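Beneath this line is the structure, given in structure tokens, with notes to follow.
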Amino acid sequence: MKKIIRSQTPLRLGLAGGGTDINLYCDKYTGYVLNATISLYIHCTLIERDDKKIIFDSPDTNAYAEYESKEKLDNDGNLDIFKAIYNRLVKDFIKKPLSFSLHTYSDVPSGSGLGGSSTLVVGVIKAFAEWLNLPLGDYEVAKLAYEIEREDMGIVGGAQDQYAATFGGFNFMEFYDQKKVIVNPLRIRNWIVSELEARMVLYFTNITREAKDIEEHKKGKLGNEKSLKAMHSIKQDAIDMKEALFKADFETLGSILGKSWKSKKIISEIVSNDELERIYNLATQNGAYSGKTSGAGAGGFMFFLVDPIKKYKLIEVLNKEQGYVQDFSFTKEGVKTWRI
């Protein structure tokens, strides 16, 4: 029987500190990020083949590619991220061509600010690791995913997404130079997590964007004293929000969230736009205390903190706009795989 492997990998909300995990910043100053995985996923199925073919299939992005099996696949602009994963795994571990079909899809659109591309890489690596019995621990999976995306492919960005997808749950992450990362799992009480869910509204703006373009622009701004000061402030926000979360101090948490959104806009003017500002103002006029984008900015998902009594009204108002409110819950698990 042909082996069939599946993986399910959670996306994440960047609660505070996003951007300080970019090497240009954390190599010099150390970065801190607070994030949490949510019940929206990247799904992957890997099927062993015996016909010396490699098939990549991504129906949600209308992309499909088929190749003759060989040790290294050349980039051709079609699903190159799949090829980069395959090439690195063969080079580092397998040392011979493989034959398989790989099928993936996401619960949310590409470019939505929930760490989708990095989550995809983690999910695919774990599916291969399950199939081929590769000896990879959590830190090794996350680091390998980072290296494939940031170094092998040259895509600009940080490292929080790879570690969030691998470890899962609420995490306070520390980013140092030489790619050193420490993941601190947070034992948030269940009722505090439930209260946070009750107070949070996740809204998809229906604006998708290339995170790498925004991160490239932000990197160019870090030589600017004002932008660098804002980045330091965002780093402190991660520490302060972690403490507020442990104490169930939602008033302070909301204040930090709003402050962090302002700092993100200081770092780079392309983080926001007229539509995002309009939605933010509409949300605050209808009960939201504060909010911000998740991820690089300029579109994708925004999340807002609101009094649970006013939550229904806010959802009703936002669902009349061009985007939509997305149901979710926080999750405790990172990527998981299984055989059938």
Side-chain angles (χ1 to χ4, degrees), residues 10-16 18-19 35-42 60-62 105-117 119 161 195-215 217-218 241 250-251 253-331:
L11 297 161
R12 63 97 186 102
L13 279 183
L15 299 174
N35 60 31
T37 50
I38 58 176
S39 57
L40 297 167
Y41 301 92
I42 302 286
D60 56 326
T61 61
N62 296 312
Y105 72 91
S106 172
D107 287 339
V108 300
S110 176
S112 58
L114 301 180
S117 62
T119 304
D161 299 346
E195 180 66 13
L196 185 60
E197 289 173 351
R199 288 173 176 261
M200 195 171 280
V201 172
L202 182 61
Y203 174 75
F204 182 57
T205 62
N206 232 346
I207 304 169
T208 56
R209 76 290 180 277
E210 289 286 345
K212 62 182 180 182
D213 296 335
I214 303 161
E215 297 296 1
H217 189 267
K218 285 160 73 175
M241 189 177 284
F250 292 100
E251 184 177 336
L253 199 148
S255 175
I256 295 167
L257 190 65
K259 174 174 165 283
S260 200
W261 175 233
K262 288 177 182 176
S263 295
K264 281 184 76 166
K265 293 187 287 185
I266 290 171
I267 294 168
S268 171
E269 63 273 15
I270 68 169
V271 161
S272 190
N273 52 51
D274 290 344
E275 176 61 11
L276 296 192
E277 292 298 315
R278 188 183 71 80
I279 292 296
Y280 187 95
N281 291 332
L282 182 67
T284 54
Q285 288 162 11
N286 286 275
Y289 302 129
S290 60
K292 73 177 187 72
T293 56
S294 180
F301 278 93
M302 302 182 78
F303 61 94
F304 301 98
L305 284 180
V306 61
D307 183 330
I309 294 171
K310 299 177 180 178
K311 185 173 180 177
Y312 181 83
K313 180 188 175 186
L314 178 58
I315 291 172
E316 197 174 38
V317 167
L318 289 175
N319 275 335
K320 290 177 181 175
E321 299 302 313
Q322 69 175 18
Y324 57 86
V325 172
Q326 173 70 59
D327 288 336
F328 79 98
S329 57
F330 291 107
T331 66

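Bear in mind the structure is a predicted one, so any value in this text is a computation, not a measurement. Values below: every heavy atom of this structure, side chains too, minus hydrogens, waters and symmetry copies.
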Short side-chain to backbone donor-acceptor contact, Asn319 and Val325, under 3.5 Å:
yes

Side-chain (Ser329) to main-chain (Ser39) donor-acceptor, under 3.5 angstrom:
no

Is any side-chain heavy atom of [X] closer than 4.5 Å to a side-chain heavy atom of [Y]?
| X | Y | answer |
| --- | --- | --- |
| Glu275 | Thr205 | no |
| Glu195 | Pro308 | yes |
| Leu318 | Asn286 | no |
| Phe303 | Leu15 | yes |
| Lys262 | Lys292 | no |
| Ser263 | Trp261 | no |
| Tyr289 | Arg199 | yes |
| Met302 | Ile279 | yes |

Residue pair [X] / [Y]: nearest heavy atoms and the distance that separates them:
| X | Y | answer |
| --- | --- | --- |
| Gly14 | Ser294 | N-OG, 3.3 Å |
| Phe304 | Ala283 | CE2-CB, 3.5 Å |
| Leu276 | Asn273 | N-OD1, 2.9 Å |
| Pro109 | Tyr324 | CD-OH, 4.0 Å |

Side chains of Ser272 and Glu277 only: does a donor on one sit below 3.5 Å from an acceptor on the other?
yes

Around atom [atom1] of [X], are there more than 12 heavy atoms from other residues, nucleotides or ligands closer than 6.0 Å?
| X | atom1 | answer |
| --- | --- | --- |
| Tyr312 | OH | no |
| Lys310 | NZ | no |
| Gln322 | CD | yes |
| Phe250 | CZ | yes |

Given Arg12, which of Asp161, Thr119, Thr331 fulfils the side-chain hydrogen bond (donor to acceptor under 3.5 Å, both in side chains) condition?
Asp161

What verdict does the side-chain contact (heavy atoms from CB on, under 4.5 Å) test give for Phe330 and Met200, after you've listed the backbone C-alpha separation in whole Å, the side-chain angles of each residue and the deciding distance to 0.1 Å?
CA-CA 11 Å; Phe330 291 107; Met200 195 171 280; 4.0 Å; yes

With rounding to the nearest 0.5 Å, note down the distance linking [atom1] in [X] to [atom2] in [Y].
| X | Y | atom1 | atom2 | result |
| --- | --- | --- | --- | --- |
| Leu11 | Asn35 | CG | CG | 12.0 Å |
| Tyr203 | Leu314 | OH | CG | 10.5 Å |
| Leu305 | Ile256 | CG | CD1 | 10.5 Å |
| Asn206 | Phe204 | CG | CZ | 5.0 Å |
| Lys265 | Glu269 | NZ | CD | 12.5 Å |
| Ser290 | Leu257 | OG | CG | 4.0 Å |

Let's go through Val108 and Phe301 carefully: what are the C-alpha distance in whole Å and the side-chain angles of both, what is the deciding distance for side-chain contact (heavy atoms from CB on, under 4.5 Å) to 0.1 Å, and is it a yes or a no?
CA-CA 10 Å; Val108 300; Phe301 278 93; 3.9 Å; yes

Among Thr37, Leu202, Leu40, which one satisfies side-chain contact (heavy atoms from CB on, under 4.5 Å) with Leu13?
Leu202

